[in-house]
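Data first, discussion second: the structure below is written as structure tokens.
Protein chains get the first letters and strands the later ones, always in sequence-line order, with residue 1 at the start of each. Only a predicted model underlies this, so the values are computations on that prediction, with no experimental measurement involved.
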Amino acid sequence: MTDETAGAEGPPTDDERTLFEAPPLGEQERMVEAILFASAEPVTVAELNARMPHGADAGRALPELARRYEGRGVRVVRVGDAWAIRTAPDLGFLMQKETVETRKLSRAAIETLAIVAYHQPVTRAEIEEIRGVAVSRGTVDLLIELDWIRFGRRRETPGRPVTFVTTRAFLDHFGLESAKDLPGLRELRAAGLLDNRPPPGMGAEDEERDDQPELFEDDPAPAGPTAAPGEGGRE
Amino acid sequence: MTDETAGAEGPPTDDERTLFEAPPLGEQERMVEAILFASAEPVTVAELNARMPHGADAGRALPELARRYEGRGVRVVRVGDAWAIRTAPDLGFLMQKETVETRKLSRAAIETLAIVAYHQPVTRAEIEEIRGVAVSRGTVDLLIELDWIRFGRRRETPGRPVTFVTTRAFLDHFGLESAKDLPGLRELRAAGLLDNRPPPGMGAEDEERDDQPELFEDDPAPAGPTAAPGEGGRE
Amino acid sequence: MTAFLQAEPMAGTTDDSSGDSAGGAEVVPFAGHGGDVAARLAAETLVIDVDGFEGPLDLLLTLARTQKVDLRQISVLQLAEQYLRFVDEARALRLELAADYLVMAAWLAFLKSRLLLPPDPAEDGPSGDDLAAHLAFQLERLEAMRAAAAKLMARDRLGQDVFARGLPEAVERVRRVSYTATLMDLMQAYARIRTRDDFRPYVMDRENVFTMEMALDRLRGLIGFAGEWSDLTSYLPPGWEVDPARRRAATAATFAASLELAKEGKLHLRQADTFGPIQLRRAERSGGDGA
């Protein structure tokens, strides 16, 4: 403090003058800066003046300070008839912190996904038929949002229902080169995941993969290493 | 996607630059400024980096920023491994309104705090040995509640006594960059007053304290006025 | 304190025991014996203020200051005598002193005798001078800590001299949920659907026994899809996960089978800690190197 006031110009040496003379403008700017920084709410010019030493004029110091902060990470801004320091608008994104929470996919969602994967392209009605339960909008939306399924071509049947197919992101996530890599029913059965005996009434259908997704069928040639461009390096 | 593969060879395209290169240093400085201004608590370099765009290095921007604020109404200060903006101490008189009423600390509390600060990590028995009196639970509890001391690692001696160390809030409160900047620390150490000198005839059982305060140990011999060795490069 | 003889358990005075242990808070008239009046008065003040001391070491430090010398030149003998006189006077005034003050008095009496008598060569243990030097060290150290504490408290302090941002901007937390599912989940979900109509998983036909052979067959089929670490329990056959007896049998068999496959180098096993979940993953085909 004392040094700072001394830093003013020469003449006023006697005590009385130092007492009643306003601090130099640069010093006033520092004071305004500190007060605006530490205050819990915007501060009016009148209040700034009341808090600063006698003779100080915040009205003059404020524009100086505002200019000094131009282009900086924070700005001196006017809020009504008061002043405050605020984050520069373009840096607002720094005031967010993203937390990622990992959740397990719900049973409905994983089953729906599995049906799309094995039966694609598949309509909603078909999914419901296979699951035996209605498929909620939320489930489909979630899978689309996760970019694991997307809309495929419309089925050329009455009503032209939309179909669902899996995406490249789906393959990436599950570490598959192509949807063909999904273990077939036979393998699932061999693995004990499926009953050996054909379920009653589904026998023929289940015996071979005749109801299997077209995708698997009309996609010829086993995908060699040349397939799936850009994927090569994985694993 | 496409950029990624393109990046394999050849000079990076402009697009790629913006995507993968850290923002320019001046911009990083603005970001650090915004984050520090927005927080009442010190922010660690790690957290700054986590909140800034990928590739930004707060450790480089911070000293620049600190220099920019030299002599201003607020300062960029270092608090342990964190940084904060604080008003300049000479302007404290302007802040009567913000001044926090603090409980008057008992002599016991003040002395216990000092002993923890200068002797950390220190056990309760060692504090009692230095003060020559039992340390009441209330004193320790109060200091913990103020967030000035906390439990450190247990000492690997019989009974595995718990130790106390000071916190970042302690550094922040007393305006210290690190515990190495405690006033008079060097002189005290040079005078042997921070040694744990076992009472004569008690040598054996007191070997408990053969380990010196870890905090200070890595600080090499009293350095000249250049001070704080090992502080420079760390941030 | 523990340094002072083994005489008595640490007791009595704690740093904020104001009032209860050392009686004389009220001013007690001091019956003088003549002599140096100033010294008497000083001693009187000390006695009356006994509550104000933070234990015997603090009292000793105060007494040492009356010697008006650098603590390093202090006469410990003289100090011991000052202390003993203080205790006597407190007794004369029927002030009750806390136990540790008396322990200190006993120790100082012992120290005094050691300092005054010629050393007994038959006796080992620390010499009087060693003990005195240590006491002087303790006093100096305590004083140094007091000075350090004062310097600390005199610093520019947050909330008093230096201020933090008054209007901090909250960091908005954005929660993003990421969903996970493994290929195994997918396959099991599909298998579940395909067996649902049946209501007769084949395992129901058997006893509650799942053999290792069965588990091996099963695992061999599945392991190729276990590119990522997944819980052993996720390989339990459908219908065996719930009933405790069946679950136990299936777990044991699957575990045994996984060991067998690990031995063959077909899969890797890991367990983070004792009784932690066991996880398995297929071995990369490169490997002649065992698990």
Side-chain angles (χ1 to χ4, degrees), chain A residues 1-5 7 23 26-41 43 47-53 56 58 61-62 64-65 68-76 84-99 168-169 172 229-233, chain B residues 1-8 23-40 43 46-54 56 58 61-62 64-65 68-77 83-100:
Chain A
M1 260 310 282
T2 43
D3 300 334
E4 247 87 47
T5 39
E27 197 55 22
Q28 293 188 35
E29 203 189 305
R30 287 183 74 226
M31 293 177 180
V32 171
E33 186 177 37
I35 294 173
L36 291 189
F37 172 82
S39 287
E41 42 200 52
V43 192
E47 200 190 333
L48 282 169
N49 282 335
R51 287 173 69 170
M52 281 158 63
L62 269 166
E64 295 292 318
L65 187 68
R68 188 182 288 270
Y69 276 98
E70 263 166 29
R72 305 292 315 150
V74 292
R75 302 188 312 168
V76 176
I85 299 180
R86 289 284 154 82
T87 307
D90 65 311
L91 297 180
F93 72 94
L94 292 171
M95 302 302 136
Q96 295 186 343
K97 194 188 247 171
E98 200 174 70
T99 51
R168 160 59 59 87
D172 283 350
E231 293 289 301
Chain B
M1 273 270 290
T2 39
D3 294 340
E4 236 161 333
T5 40
L25 193 57
E27 200 54 24
Q28 293 187 33
E29 204 190 303
R30 287 183 73 227
M31 292 177 184
V32 171
E33 186 177 36
I35 295 174
L36 291 189
F37 256 95
S39 172
V43 186
E47 198 189 333
L48 283 169
N49 282 337
R51 279 171 65 183
M52 282 159 62
H54 188 73
L62 276 161
E64 296 290 322
L65 188 68
R68 186 181 290 272
Y69 278 92
E70 266 167 26
R72 309 282 318 144
V74 297
R75 303 186 309 168
V76 176
V77 297
W83 293 74
I85 297 183
R86 299 286 178 249
T87 60
D90 66 301
L91 298 179
F93 72 97
L94 293 168
M95 316 292 165
Q96 298 96 330
K97 204 177 155 194
E98 279 75 33
T99 301
V100 188

Side chain / backbone / both / neither for A:Leu65 at chain B, heavy atoms under 4.5 Å: side chain

Heavy-atom pair of closest approach, residues A:Leu91 and B:Met31: CD2-CG, 3.9 Å

As an exercise, state the distance from OG1 of B:Thr87 to CZ of A:Arg30, rounded to the nearest 0.5 Å. 9.5 Å

Would you name the heavy atoms of A:Ile35 and B:Met95 that are closest together and state the gap between them? N-CE, 3.9 Å

Checking A:Gln28 against chain B: side chain, backbone, both or neither under 4.5 Å from a heavy atom? neither

Which bit of B:Arg75 comes within less than 4.5 Å of chain A, counting heavy atoms only: side chain, backbone, both or neither? neither

Locate the shortest heavy-atom distance separating A:Ala34 from B:Gly73; write the atom from each residue and the value. CB-O, 3.6 Å

How long is the gap from CZ on B:Arg68 to CZ on A:Arg68, to the nearest 0.5 Å? 10.0 Å

Spacing of CZ belonging to B:Arg72 relative to CD belonging to A:Glu33, to within rounding of 0.5 Å: 4.0 Å

What class does the angle between the rings of A:Tyr69 and B:Tyr69 fall in, given that below 30° is parallel, 30 to 60° is tilted and above 60° is perpendicular? tilted

Under 4.5 Å to a heavy atom of chain A? For B:Ile85 that would be both

